[in-house]
Structure formats: structure tokens, C-alpha cells
Colleague: 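Questions regarding the structure given below will be posed in turn.
Below, chains carry the letters A, B, ... as their sequence lines are ordered, and counting in each starts from 1.
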Amino acid sequence: MNLDSLLRGEIEQAITALFGKAPESIQLQPTNPEFEGSHTLVCFPLSRLSGKNPAETATTIGEYLVAHSRLVARYQVVKGFLNLILHDHAWIETLQSIYGQADYGIQPPTGEEIMVEFSSPNTNKPLHLGHLRNNFLGWSVSEVLTANGYKVHKVQIINDRGIHICKSMAAWTLYGEGETPESANIKGDHLVGNYYVMFDKAYRAQVTALIEKGVPEEQAEKEAPIMQLASEMLRKWEDKDPETVALWEKMNGWVYDGFDVTYRAMGVSFDKLYYESQTYLLGREIVLKGLEEGIFFRKDDGSVWVDLREEGLDEKVLLRADGTSVYMTQDIGTAVLRFNDFPNIVGQIYTVGNEQEYHFKVLFLILAKLGYDWAHRCYHLSYGMVDLPSGKMKSREGTVVDADDLIAEMVDEAEKQTRELGKVEEMSNEEARALYRMIGLGALKFFLLKVDPKKRMLFNPNESIQLQGFTGPFIQYTHARIRALLRKAEAAGIKGAVEGLENPTLEAAERDVVIVLSSFPEKVREAGATYSPAIVANYVYELAKSYNQFYQSIPVLSEADTARVRFRVALSEAVGRTIRTAMHLLGIDVPERM
RNA sequence: GGGCUCGUAGCUUAAUUGAAUAGAGCAUCUGACUACGGAUCAGAAGGUUGGGGGUUUGAAUCCCUCCGAGCCCGCCA
């Protein structure tokens, strides 16, 4: 039982006793820092129950709580707000409970399983900044859900077939001269991406040339020889032409080798991979069955549709007139396949950009219409685009920020600043390199995760590279400093303990840290319920800040009272552990020294 | 044409189940102990929450309207 729910119980009991009726809800919020106290009861809604004005209501409840509650020491009424000041022993007990939990804030497994899909790239070009937001989000949400008791299965669907990869294949066939990642000494995904760019260039030149010859634009786009080659490759691939399939496998293989390197650098991994080439034909039978059952309908030309007008949407095609699948059909098939692969999952989270909101709305409605009861537990974790100061990223205009380049830049910057501060003199090269990586990646992840996922965000390269203020390294630094303090304590034979205080009162700065510390489990729950790592990021920043205030104003080890020293060591240890746990939820490691 | 999202300090953002003087970071300016790590801390300045109207004891938050930005509505994926 935590402090919040104990207090709520006492307040409810007080109101019932005073006014003869239980309140519908208790509005308990953190007290504004400018006032004394930790919890504030909003009394405006209670005045109807009490028959008094809000301030009188607050006073009445305050008096009652001071007389009857074990927790409430004093109160102050400001307008209709009842600010509660708790006994310090309540905070000391709270810290004692936190200190005793090795995995404070983490819920034990509930037995429920859930699937999280993220990344899901095309195989014709390397990963970019947008993928970084996607991957970090998907990874962090997976960690947050795990902390809420779920067993999480992380998956991605790799879009390995279609005209996009055939474009790279066509360009390589024409201009590649047998080039390979080894011969060119380029990462495979970048090499294939280069040919994709080459395709686009050649294609546009050919279209322009045709238009100049008087061919209408639309026709020119179809007749451009390189496009014809790509289309032919797609047809041959679908006919399983051995030569085409071999080339496709070779080039996708290069891309996967490249992706592996990038994923390792990002620190993400997956439990299972799905490939579109293996799933794109699924879904057709489900749709045909739905047609038989009258859930879908057929138009005169033979195409199959779903009517979503009753749901406020329109009609959507599910099978073309020639009987082949569309994107939506594939997604229906993949969803059902996954529930067959993982029969115990209660739902799926799709980490996909917000431009596909309409698509997923339709997908989930269709799955519900088909009678899958898990359809209502499918969720589109929709995130906003990452813009650059120059505007939108456009691959054609070469304004895309490459994931590998960006990670390397961040690590370089971390190295530069760490060296300037002269912090690595006692480290081996290996240790130092691991540290630069931890800091650079921590800065990048924190920068992308601290903003509400739903919001479109601006990526300013100069600012993201900052290591001061509201950043990952600020929090990593706080952790490293706590660890240094604890090492010193240990060397002096001092062990943390939340007991034996002769005078059980706390300094304001100590109390503030415990107050922030105590809200961690609620933040984890909230982050899980809203699929928002930003809540954890904001929380851990607040925690680090309140600890730093404590650290600057109160000595820990050079205090005469031994019990007090042990208390502060325990407090520091609890904060250090909570920072580590919270940062872990964001996919960020914290160092012992930096 | 229809639908969805967003607009908060110079910049990046928090608070959106309605609650106190809208909270931070960056940038700018001032300051920090013979205590443990200054990637820190204390302070100053910076806001008609895009404009207007409405509901409410109370609005950044809910409703209407206007202005501005973006996305979606394809037998593409």
C-alpha cells in the first residue's frame, strides 16, 4: 500500500464521516512548490456535498484529518485548496519501503502477453532519422509495457518486395558492373540506397528526354526504359524467375547486413522478423471468407469491398478486380498470422507514423467486423514526423539525415566534450570508447523521446548535440556522481540505512527528493497506459534535478550524525537505482563514471 | 470537396480526464561555500497560451468562429 492510496482512503473516510456521504471522486494533486505541503485536495467540487463554501469545506476536512489521520501533521487552506503537510515519519517510511525494493517501480508479470511492432523499413535504402524516432519509441514502449507486467514480443515487418527494391535492382544491373559492399567498401544498405538514387536520377532524365520528344508526361513516365526494366523485374519476381529472385536475395542480403550494424549501434533487437515477401499473399482467403459471410461485398467488376459508411468512413477496396491483394489485405493477413503465431497475446501495438492513421483505423474496424475479439486491443502508436530546421526531410533533395551518420556524429561530440572536461585520463581506450557511445546515444535517445510521441517534432542538430540542461547526459552525470559518492561511502565503511534517526525530521531538500521518488510507480503506470516514454523522460529529469538540489545544499558524508549520514546514503542509493531503472525504460544506459 | 492533427517565452518544449501566480531547458545577464565530481547549483529577465466570442466558481485544456501549418481520403505500399 503506497502513501497516495493510504491518504486517499483517509480523506474519503473523513469526508464520509463529516458530510454523511462518500465523495464521487477525490481530486488529489501535487502541491504547487510555492506552498508548503505535498498533497493538495481540491475542495471546489466538495462544497455541494458539505453545503459550505470551498474554503470552509477545506478547513473542516483539514481539522478532521489532523485529529484523526496518522499521516497528516498540518494543513493550510488557500482558497478552495487544502494543502496537506504530512508527518516526516510518513516520508521516512516511504523511503524505507522504496529502499527495500531492488526493482522499485517495476510490476511483477501479470501473465498477459502483448506484441509491439516497430522499425519495419523498406529494403531499398538505409535507415534515417525518422526510423530512429520509430525504433527508440517502439523499444521504449516495449520496456515500459514490460515494467507494467506484460510479456512483450518485439517484431517488425520488413518490406522486402515490391517496386522499390526492383528499382535498386534495375539500376545495379545497368550501372553496377558487379559492385558489392566488399568491393566498394560501403555498408550494404548504403550501397543499395545509392542505386536507388541512381535509378531516380536516370529515370527522371529519361522522362524529361521523352517529354522533349513530344511524348505526353503520363506516357513518358511509363515508357522510360529504366522503369520498364524495374516493372519487368517485379513481374519476373512474382513469377519466381530464378535469376531475378537470386539478384533480389543478394541485394536484400546486403541491406540486412547493413541494418544489423545499425540496429546494433542503436541498441535495439527483435524477437521475430516478418517478411512481406512471405506474408503478402495472406489475407486473401480471410477476405473471401468474409465475403461469403456477407461482411464484405463484391462490385460488378469483381472487386471486393468493405462498407464502413456506418462507421463514418467510406468504402474501401480489399481485393482488386483481378483478384489480387492490396496493402490492407496484407495487413489483415499479417495480423491474423501473428495471433496464430503468438496465441496468448492480448493485442498488438503498431509503431507507425501518423500519416497512416486512417489506414489503421480502417484495419482495426475490419478486424472487428471479422469477429476477432482482439481487434479492440490493437493500437496504432502513431508518432509525428521529425522535421529539420530547413523543413521536411526529402530523400530526393538529399536532405535526409542518415541514421549511421547521426549516431557517429553524436558519439564524436560526446568524445570531444568528455576529453575537454578531462574526465577520461584514468580510463582504458576501450572503457572510454564505450563511454562516448553511451553518452552520445543517450543524448540522441533522450532528445527524441522526451517529446510527446504524437507531436511532430523539430530536430535541430545543434541542440540535440547539447549535453547540458534537459538532456540524457545531465541525468547520466547525476547517476555517475551518485555512484562516486557511494563508492566513497563504501570505502569508508558506511552503509545506507533508513532507520535509527534520533530526530525523525527531514530537511526540505531531503523531503522533496522523497516526494519525487514516491511518484515513480504511478509514472510508469501512466506511461504504459498512454504508450508515452516522454512521461518517463520528464520524470527522470525531475528526479535528477531534485536530487542535484539536495546534493548542492546538504552534505552527505561529512555530517557528524552517523544515522543521518546513513539515511542520506540510502536516499542517494535509492535515487541512483531509480534513475538507472527509468533510463533503462528509455533504452539508455547510465555510467559509473563520466 | 470530406476527415484528422497541431499553434504555449527569441528557440525547443511541459501542463490537454477543467483548478492556485502557465513549469522547464537552450540562448542572454548576475552569482556559488577550506562538503562529497562545476556535464552542477542559486538568481534575473523573458508569456494578452495564434485572434475573437461562448460555457464555468475556475479555461492553454471544453464549444463556436476566423487566421496559420501539416497529414489523410489510390484497384500504390
Colleague: Which residue in the set A/Gln476, A/Met594, A/Met410, A/Gln417 passes side-chain contact (heavy atoms from CB on, under 4.5 Å) when paired with A/Leu467?
Modeller: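 Passing option: A/Gln417.
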
Colleague: Between A/Asn354 and A/Arg456, do the side chains contain a donor N or O and an acceptor N or O under 3.5 Å apart?
Modeller: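 No, no side-chain donor-acceptor contact under 3.5 Å.
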
Colleague: With sequence neighbours left out, write down each residue that passes side-chain hydrogen bond (donor to acceptor under 3.5 Å, both in side chains) with A/Asn122, or none if nothing qualifies.
Modeller: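 Expected list: A/Asn159.
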
Colleague: Report the residues that fulfil side-chain hydrogen bond (donor to acceptor under 3.5 Å, both in side chains) with A/Arg419, sequence neighbours left out, ordered by chain and then residue number.
Modeller: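 Partners of A/Arg419 under the side-chain hydrogen bond (donor to acceptor under 3.5 Å, both in side chains) test: A/Glu415.
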
Colleague: Whole Å only: how far is the CD atom of A/Glu357 from the P atom of B/rC72?
Modeller: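 That distance rounds to 11 Å.
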
Colleague: Applying ring-ring contact (aromatic ring centres under 6.0 Å, His included), can you list everything that pairs with A/Tyr539, at least two apart in sequence or on another chain?
Modeller: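 ring-ring contact (aromatic ring centres under 6.0 Å, His included) check on A/Tyr539 returns A/Phe520.
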
Colleague: For atom NZ of A/Lys222, is the number of surrounding heavy atoms from other residues, nucleotides or ligands below 6.0 Å larger than 12?
Modeller: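 No, because the 6.0 Å sphere around NZ of A/Lys222 holds 12 heavy atoms or fewer from other groups.
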
Colleague: Find the distance A/Lys454:NZ to B/rU61:C1' and express it as a whole number of Å.
Modeller: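 Rounded to whole Å, this separation is 14 Å.
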
Colleague: In the 5'-to-3' direction, what one-character label does each nucleotide of nucleotides 35-43 of chain B receive under the scheme B = base within less than 4.0 Å of a protein heavy atom, S = sugar-phosphate only, - = no such atom?
Modeller: BBBSBBSS-

Colleague: Which pairs of donor and acceptor atoms, one on a side chain in residues 75-84 of chain A, lie under 3.5 Å apart (sequence neighbours left out)?
Modeller:
residue	atom	partner	partner atom	Å
A/Tyr75	OH	A/Glu63	OE2	2.6
A/Asn83	OD1	A/Thr40	OG1	2.7

Colleague: Tell me the ring-ring contact (aromatic ring centres under 6.0 Å, His included) pairs involving residues 442-465 of chain A, sequence neighbours left out?
Modeller: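 Counting only pairs at least two positions apart or across chains, the ring-ring contact (aromatic ring centres under 6.0 Å, His included) contacts touching residues 442-465 of chain A are A/Phe446-A/Phe470, A/Phe447-A/Phe459.
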
Colleague: What is the distance from CZ of A/Arg309 to P of B/rG3, rounded to the nearest Å?
Modeller: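 About 16 Å, once rounded to whole Å.
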
Colleague: For atom C1', what is the distance between B/rA22 and B/rG18, given to the nearest Å?
Modeller: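 Going atom to atom, C1' in each nucleotide, I get 14 Å.
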
Colleague: Please identify each residue that fulfils side-chain hydrogen bond (donor to acceptor under 3.5 Å, both in side chains) with A/Asp300, with sequence neighbours left out.
Modeller: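 Partners of A/Asp300 under the side-chain hydrogen bond (donor to acceptor under 3.5 Å, both in side chains) test: none.
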
Colleague: Sticking with atom C1', work out how far B/rA20 lies from B/rC26, rounded to a whole angstrom.
Modeller: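 Looking at atom C1' only, B/rA20 and B/rC26 are 28 Å apart.
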
Colleague: Could you state the atom-to-atom distance from NE2 of A/His380 to P of B/rC72 in whole Å?
Modeller: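 From A/His380 NE2 to B/rC72 P: 12 Å.
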
Colleague: Could I get the full list of ring-ring contact (aromatic ring centres under 6.0 Å, His included) partners for A/Tyr350, not counting sequence neighbours?
Modeller: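 In terms of ring-ring contact (aromatic ring centres under 6.0 Å, His included), with neighbours along the sequence ignored, A/Tyr350 is linked to A/Phe360, A/Phe364.
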
Colleague: Only pairs at least two apart or in different chains count here, so list each salt bridge (Lys or Arg N to Asp or Glu O under 4.0 Å) that has a residue in residues 538-559 of chain A.
Modeller: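 Salt bridge (Lys or Arg N to Asp or Glu O under 4.0 Å) check on residues 538-559 of chain A returns A/Glu559-A/Arg568.
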
Colleague: What's the gap between B/rC6 and B/rU61 when it is taken at their P atoms, as a whole Å value?
Modeller: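 Looking at atom P only, B/rC6 and B/rU61 are 12 Å apart.
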
Colleague: Would you mind reading off the distance between A/Met385 atom CE and B/rC4 atom P, rounded to a whole angstrom?
Modeller: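 My rounded result for the distance is 19 Å.
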
Colleague: Distance check, P atoms only: B/rU5 and B/rU49, in whole angstrom units.
Modeller: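 Looking at atom P only, B/rU5 and B/rU49 are 23 Å apart.
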
Colleague: Give the dot-bracket line for RNA chain B from 5' end to 3' end: parentheses for intra-strand Watson-Crick or G-U pairs under 3.5 Å, square brackets for crossings, | for inter-strand pairing, dots for unpaired.
Modeller: (((((((..((((.....[...)))).(((((.......))))).....(((((..]....))))))))))))....

Colleague: Base, sugar-phosphate, or nothing for A/Asp314, non-hydrogen atoms under 4.0 angstrom?
Modeller: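 Sugar-phosphate contact only - A/Asp314 comes under 4.0 Å of backbone atoms but never of a base.
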
Colleague: Rounded to the Å, how far apart are A/Lys316 NZ and B/rC76 P?
Modeller: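 Rounded to the whole Å, the gap is 11 Å.
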
Colleague: Both A/Glu315 and A/His359 contact RNA chain B. Taking the nearest nucleotide for each, which residue is further toward the 5' end?
Modeller: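 It is A/Glu315, whose closest nucleotide lies nearer the 5' terminus.
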
Colleague: Base contacts versus sugar-phosphate-only contacts with protein, heavy atoms under 4.0 Å: please encode nucleotides 8-20 of chain B as B, S and - from 5' to 3'.
Modeller: ---SSSS-B--BB

Colleague: When the P atoms of B/rC66 and B/rA27 are considered, how many whole Å apart are they?
Modeller: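 My reading of the P atoms in B/rC66 and B/rA27 gives 42 Å.
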
Colleague: Relative to each other, are the rings of A/Tyr203 and A/Phe199 parallel, tilted or perpendicular (30° and 60° limits)?
Modeller: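 Taking A/Phe199 first and then A/Tyr203, their aromatic rings lie parallel (interplane angle under 30°).
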
Colleague: Could you give the distance separating B/rU21 and B/rA9 at their C1' atoms, to the nearest angstrom?
Modeller: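 Between the two C1' atoms, the distance is 16 Å.
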
Colleague: Return each pair, listed once, that meets side-chain hydrogen bond (donor to acceptor under 3.5 Å, both in side chains) where at least one residue sits in residues 524-537 of chain A; pairs must be two or more places apart or across chains.
Modeller: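 Found A/Glu522-A/Arg525.
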
Colleague: Considering only atom C1', compute the distance from B/rU16 to B/rA60 and round it to an integer number of Å.
Modeller: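 Here B/rU16 and B/rA60 have their C1' atoms 8 Å from each other.
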
Colleague: Rounding to an integer number of angstrom, what distance separates B/rG50 and B/rA14 when you compare their P atoms?
Modeller: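 Taking atom P in both B/rG50 and B/rA14, they lie 14 Å apart.
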
Colleague: Can you check the A/Leu363 CG to B/rC73 P distance for me, whole Å?
Modeller: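 Computing the A/Leu363:CG to B/rC73:P distance gives 15 Å.
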
Colleague: Whole angstroms only, please: what is the OH-C1' distance between A/Tyr358 and B/rG74?
Modeller: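 For the pair A/Tyr358 OH and B/rG74 C1', the rounded distance is 11 Å.
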
